[in-house]
Amino acid sequence: MSAARETMDDRRETASGDAPNGAAARVPQRAEARPAKRDRLQSRPLDLKRGRVDLAHGAGGRATAQLVEELFLAAFDNEWLRTMNDSATLAPPAGRLVMATDCHVVSPLFFPGGDIGALAVHGTINDVAMGGAKPLYLSAGFILEEGFPLADLQRIVESMARAAREAGVPIVTGDTKVVETGKGDGCYVTTTGVGVVPPGIALDGASARPGDAIFVSGTMGDHGVAIMSKRENLEFETEIVSDSAALHGLVADLLAACPRVRVLRDPTRGGLATTLNEIARQSGVGMTIDERAIPVRPEVAAACEFLGLDPLYVANEGKLIAIAPAGDADAVLAALRAHPLGANAARIGSVVEDPDHFVQMTTTLGGRRVVDWLTGDQLPRIC
Amino acid sequence: MKYVDEFRDGAVAQGLARAIAREAVAARRYNFMEFCGGHTHAISRHGVTDLLPSNVRMIHGPGCPVCVLPIGRVDLGIDLALERGVVLCTYGDTLRIPASNGRSLLKAKADGADVRMVYSAADALRIARQHPAREVVFFAIGFETTTPPTALVLKEARESKLGNFSVLCNHVLTPAAIVTILESPEVRALGTVPLDGFVGPSHVSTIIGTEPYEFFAREYRKPVVIAGFEPLDVLQAILMLVRQVNAGRSDVENQFHRAVSREGNAKAQALVAETFELRRAFEWRGLGTVPYSALAIRPGFAPWDAERRYALTYRAVPDNKACECGAILRGLKRPTDCRLFGTACTPETPMGSCMVSSEGACAAHYSYGRFRDREVAVPVAAVGGRTGVAA
Ligand code: SF4
């Protein structure tokens with residue numbers, strides 16, 4: 001065991017708070033999965049319990065390398081990162097590539113059902129998946145504020161690593177910068193994803209056609225309300241948790257069962273209402289939806305009532321909208337509901353011809369209204 | 001949650017709608033004003049007008065606090081934030097109210113002013129405690145319901161001798177505004193605005209009770225029904241108004257028995273009386289200067305009154321000439337009568353205050369009812385029933 005190896009394992013024990021000594025000797029079987037042996041960069045390991053990010057961590061010197069090795073590499077560890085090059089070299093897969101990027105500035109960083117780390121992984125995987133692609137690789141960029149607790153950073157990074165591992169999509173390259181105190185808000189994370197589209201799949205926000213059926217994969221508004229209730233310190237009888245989840249598995253099942261699906265999109269910022277308006281405009285069509293058919297958790301509806309929000313405009317991070325020919329409606333619904341992330345899927349309406357591209361809704365009362373684009377930002381920094 | 005859904009039940013709504021259609025006399029027209037912006041929003045958001053027969057028309061009244069706030073008052077807030085460097089705390093919608101010279105609090109914020117959106121008066125007080133080195137001003141707006149929370153923070157600030165906090169008070173009063181509408185020449189003499197009755201706001205009445213309405217129900221012979229904010233409450237209130245009109249009655253009735261009494265909330269009234277006094281006059285957007293229609297902070301709280309503390313003087317600024325908010329707030333015109341509606345003036349770029357809050361008549365029509373303006377309506381395809389969701 002090299003000195004570096006010992007350092008890393010000591011750190012791990014310190015961070016988890018148990019077994020103060022002798023840990024290095026007990027974990028040799030996991031050594032292959034660890035970064036290759038390296039010279040010790042600093043005389044002391046990062047203090048992940050009480051330490052804080054300082055400007056040196058972003059300066060590109062030894063401190064940066066130490067942060068990368070002891071924190072990012074340790075958590076994300078994979079063959080590409082282990083090379084310690086500035087870039088990842090990847091063999092090009094056959095087929096069409098999809099690439100998406102997503103910045104995350106959510107506040108608070110930790111919220112019921114997730115945190116900025118898992119959200120950054122899920123958000124980009126979902127964007128890639130909505131293109132019909134199987135996500136292959138991720139990159140991650142961190143903007144950290146001087147003074148940010150290393151313990152929080154570790155929590156975020158480990159949550160990202162877990163999310164990426166569960167999704168089977170490695171984080172293969174990344175970057176970290178540090179800004180002075182007051183110039184950031186703790187931690188911002190940007191992720192980029194690359195995926196490949198299977199042959200025969202052609203998804204496009206511009207291909208919704210009059211007569212098509214519109215589906216959602218589950219309840220609306222969970223993520224935004226989870227963030228808001230945390231931010232406003234609201235207590236509800238049932239804790240509302242974010243729906244943050246990677247949807248590529250659901251998408252793969254859906255497309256395997258119904259390759260004729262025309263549009264997939266995840267209703268994040270601006271919620272269902274805004275996303276439907278985007279698609280209606282892109283496709284040059286109108287839509288009619290039925291309020292009674294839109295699944296909303298009772299506790300989310302109650303919280304929205306309280307906060308003066310409309311669940312149709314509240315962000316989701318683990319839901320998708322699907323548009324498919326009406327003839328495939330039963331198959332789409334069955335495929336969505338067969339997956340755990342689509343258990344509450346519902347058909348909510350239809351695409352219609354409309355030169356004004358209105359999204360109209362029949363209300364629970366039996367009246368009608370326009371469901372317009374979101375105006376302003378009712379919930380800033382939601383993802 | 002059951003509580004909320006119960007009041008939106010579609011079948012009950014259809015039943016009420018049928019009763020209204022049955023009882024409304026075909027030969028006459030019923031023009032009712034919902035005074036409160038909360039009702040305007042509920043009516044638009046739930047498509048309530050689709051359930052009414054064509055001879056029952058709802059007129060959107062001036063009861064949206066954002067919509068009636070004149071430019072000059074917003075200017076006071078902007079100047080405080082930009083020139084005096086205070087932390088200005090206010091409710092979200094206030095940020096977007098257009099002020100003079102194309103300004104708004106939101107733009108002032110982008111220009112570096114420290115403007116913060118809060119959900120309650122107590123939040124503003126907390127910000128003041130967290131930043132003892134900064135001067136914090138709560139820009140208070142609203143009708144009777146939002147007044148007691150403002151009174152509470154004033155009392156708390158005085159009791160704890162909080163030196164860096166003050167309130168810029170823009171609180172206004174419902175009955176005064178209704179009287180102004182009823183006194184306006186259009187309603188009184190010319191009869192150009194036929195008004196057959198009012199739907200009154202229940203949350204205001206939970207504070208002031210139903211008694212203040214009795215005066216003008218008697219004096220002006222207009223029925224008033226105090227109603228809750230669920231769409232079914234509104235439908236039921238409309239039915240009650242139709243019945244009053246048919247019977248030639250002009251009573252104050254209370255649809256919202258859940259929380260409204262004749263006397264209101266004595267404790268809240270005492271709290272408000274202790275901290276606020278009537279202003280001799282206050283400018284309302286759309287209604288002009290209305291005597292005794294707003295509240296000012298009592299001299300005993302002078303150090304916490306931003307108007308005194310910063311020696312502010314109010315300067316009236318006329319609205320955009322083309323903006324019809326004034327006539328719309330008095331029920332004289334509809335949003336589509338304004339030539340800026342939907343073109344120069346949209347919720348993204350409001351020219352007048354009625355386009356700012358979703359409780360404003362223009363914004364409500366733009367966001368929820370725009371499809372009604374075109375000749376051919378697109379048929380609504382029916383899809384499956386409610387989806388059950390396991391909690
Ligand atoms: S559309 Fe705009 S400018 Fe016209 S009356 Fe309404 S708020 Fe005023």
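Note that these values count all heavy atoms, side chains included, but never hydrogens, waters or copies made by symmetry. Residue numbering restarts at 1 for every chain, and letters A, B, ... go by the order of the sequence lines. None of these values were measured; they are calculated from a predicted model.
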Q.
What I'd like to find out is whether the side chain of A/R368 reaches to under 4.5 Å of the side chain of B/H46, using heavy atoms alone.
A. no
(Q) Just verifying a value: how many Å separate A/L374 CG and B/E348 CD, rounded to the nearest 0.5 Å? (A) 8.5 Å
**Q.** Evaluation steps, salt bridge (Lys or Arg N to Asp or Glu O under 4.0 Å), between B/R370 and A/D356
**A.** CA-CA 10 Å; B/R370 214 153 77 242; A/D356 296 317; over 6 Å; no
Q.
Working note: A/D372 + B/Y368, criterion side chain to side chain contact (heavy atoms under 4.5 Å, CB included); need CA distance, chi angles, decisive distance, verdict.
A. CA-CA 7 Å; A/D372 208 1; B/Y368 297 123; over 6 Å; no
Q.
If you count heavy atoms of other groups shown closer than 6.0 angstrom to CZ of A/R281, is the number above 12?
A. no
**Q.** Toward chain A, the part of B/D93 with a non-hydrogen atom under 4.5 Å
**A.** neither
Q.
I need the minimum non-hydrogen distance between B/P231 and A/L365, along with the two atoms involved.
A. CB-CD1, 3.3 Å
Q: Could you tell me which portion of B/S44 (side chain, backbone, both or neither) has an atom closer than 4.5 angstrom to a non-hydrogen atom of chain A?
A: backbone
(Q) Does B/R334, at its CZ atom, have more than 12 non-hydrogen atoms belonging to other residues, nucleotides or ligands within less than 6.0 Å? (A) no
Q: List for me each residue that meets side chain to side chain contact (heavy atoms under 4.5 Å, CB included) alongside B/V87, sequence neighbours excluded, and say none if there are none.
A: B/C89, B/D114, B/R116, B/I127, B/R134, B/V136
(Q) Would the distance check show the side chain of A/R369 and the main-chain N or O of B/R45 forming a donor-acceptor pair, the cut-off being under 3.5 Å? (A) yes
**Q.** A/M228 vs B/Y119, side chain to side chain contact (heavy atoms under 4.5 Å, CB included): CA-CA, chis, key distance, verdict
**A.** CA-CA 11 Å; A/M228 276 315 277; B/Y119 279 82; 3.1 Å; yes
Q: Output all residues satisfying side chain to side chain contact (heavy atoms under 4.5 Å, CB included) with A/L333, sequence neighbours left out; order by chain, then residue number.
A: A/F215, A/R337, A/A345
